Amino acid sequence: MKEYKMRRGEHLDDRIPDLEATIESYFGTVTGTEEHNGHELYVVDDPDNAVFKRILAGAAEYSGKKDKIAVHFEERPAEEVIADGEADAAEEAVSLKNEFLLEATGRDAKSRRESLKREVEDDAPDY
């Protein structure tokens with residue numbers, strides 16, 4: 001499960017007022033909700049894209065802090081996708097993930113990577 005924060009001064013509710021509908025427009029029908037780490041996340045059990053097995057996505061809410069978008073993409077092995085002749089679906093899956101996260105966070109892939117690196121560096125122990 002990964003959590004991504006919004007751009008400075010922005011909030012998830014402002015960026016995506018109807019999170020469930022947005023998840024459905026990118027990945028397929030939401031089949032329910034599931035709790036992870038105290039957060040209620042939407043579940044897509046049968047995603048439209050053949051690469052995905054299952055998707056969990058939703059708001060990670062923290063008291064006193066801005067919400068983050070929490071996502072988990074369960075994917076089929078690359079060898080299986082290629083063997084089934086669905087290489088185009090793999091390319092589309094990457095685009096769907098990046099477009100969804102850009103809409104939710106306002107950050108492109110490079111900016112999200114740099115932000116995650118900084119969080120890891122901040123958590124590193126000082127010797």
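As the structure is a prediction and not an experimental result, all values here were calculated from the model.
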- Item | Between Thr29 and Glu24, a side-chain donor and acceptor under 3.5 Å |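 Per modelled atom types, Thr29 and Glu24 side chains form no pair under 3.5 Å.
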
Rounded distance [0.5 Å steps], [atom1] in [X] versus [atom2] in [Y]:
X      : Y      : atom1 : atom2 : answer
Lys5   : Lys65  : NZ    : NZ    : 9.5 Å
Tyr4   : Arg112 : OH    : CZ    : 6.0 Å
Thr31  : Asp46  : OG1   : CG    : 8.5 Å
Glu92  : Lys97  : CD    : NZ    : 12.0 Å
Phe100 : Ser25  : CZ    : OG    : 8.5 Å
Leu19  : Leu12  : CG    : CG    : 5.5 Å

- Message: For Asp84, is there an ion pair with Arg76 - N to carboxylate O distance below 4.0 angstrom?
- Response: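 Between Asp84 and Arg76 there is a salt bridge, with a charged N closer than 4.0 Å to a carboxylate O.
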
- Presence of salt bridge, Arg54 and Glu75, under 4.0 angstrom: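 No, no charged N to carboxylate O under 4.0 Å.
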
- Applying side-chain contact (heavy atoms from CB on, under 4.5 Å), run through Phe73 and Met1 and close with a yes or a no. CA-CA 8 Å; Phe73 298 102; Met1 180 75 53; over 6 Å; no

Hey, quick one: are [X] and [Y] part of the same hydrophobic cluster, counting side-chain heavy atoms closer than 4.5 Å, chains of contacts allowed?
X      : Y     : answer
Ile55  : Val30 : yes
Ile69  : Ile16 : yes
Leu101 : Leu56 : no

Would you say [X]'s side chain and [Y]'s backbone share a donor-acceptor pair under 3.5 angstrom?
X     : Y     : answer
Lys66 : Arg7  : yes
Thr22 : Asp18 : yes
Asn49 : Ala89 : yes

- Quick one: name the residues clustered hydrophobically with Val94, using the 4.5 Å side-chain heavy-atom rule over I, L, V, M, F, W, Y, and just say none if it's on its own.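 Same cluster as Val94: nobody, lone residue.
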
- Query: What's the verdict on side-chain contact (heavy atoms from CB on, under 4.5 Å) for His39 and Glu3, showing C-alpha distance, side-chain angles and the deciding distance?
  - Reply: CA-CA 11 Å; His39 309 296; Glu3 294 181 7; 3.9 Å; yes

Nearest heavy-atom pair of [X] and [Y]: which atoms, and what distance?
X     : Y      : result
Asp48 : Gly28  : OD2-CA, 3.4 Å
Pro17 : Asp14  : CD-O, 4.2 Å
Met6  : Ala104 : SD-O, 2.9 Å
Tyr62 : Asp67  : N-OD1, 4.0 Å
Phe27 : Val44  : O-CG1, 3.9 Å

- Task: Return the set of residues passing salt bridge (Lys or Arg N to Asp or Glu O under 4.0 Å) with Arg15 (not counting sequence neighbours), or none when no residue passes.
- Result: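 Once residues adjacent in sequence are excluded, the partners of Arg15 under the salt bridge (Lys or Arg N to Asp or Glu O under 4.0 Å) criterion are Glu10.
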
- Task: Go through the steps for Leu102 and Asn98 under the test side-chain contact (heavy atoms from CB on, under 4.5 Å), then give the verdict.
- Result: CA-CA 6 Å; Leu102 176 62; Asn98 282 327; over 6 Å; no

- Query: When you look at CD of Glu99, are more than 12 heavy atoms from neighbouring residues, nucleotides or ligands closer to it than 6.0 Å?
  - Reply: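 Result for CD/Glu99: enclosed.
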
- Assess whether side-chain hydrogen bond (donor to acceptor under 3.5 Å, both in side chains) is satisfied between Glu103 and Tyr26, documenting all intermediate values. CA-CA 11 Å; Glu103 182 174 345; Tyr26 279 96; 2.6 Å; yes

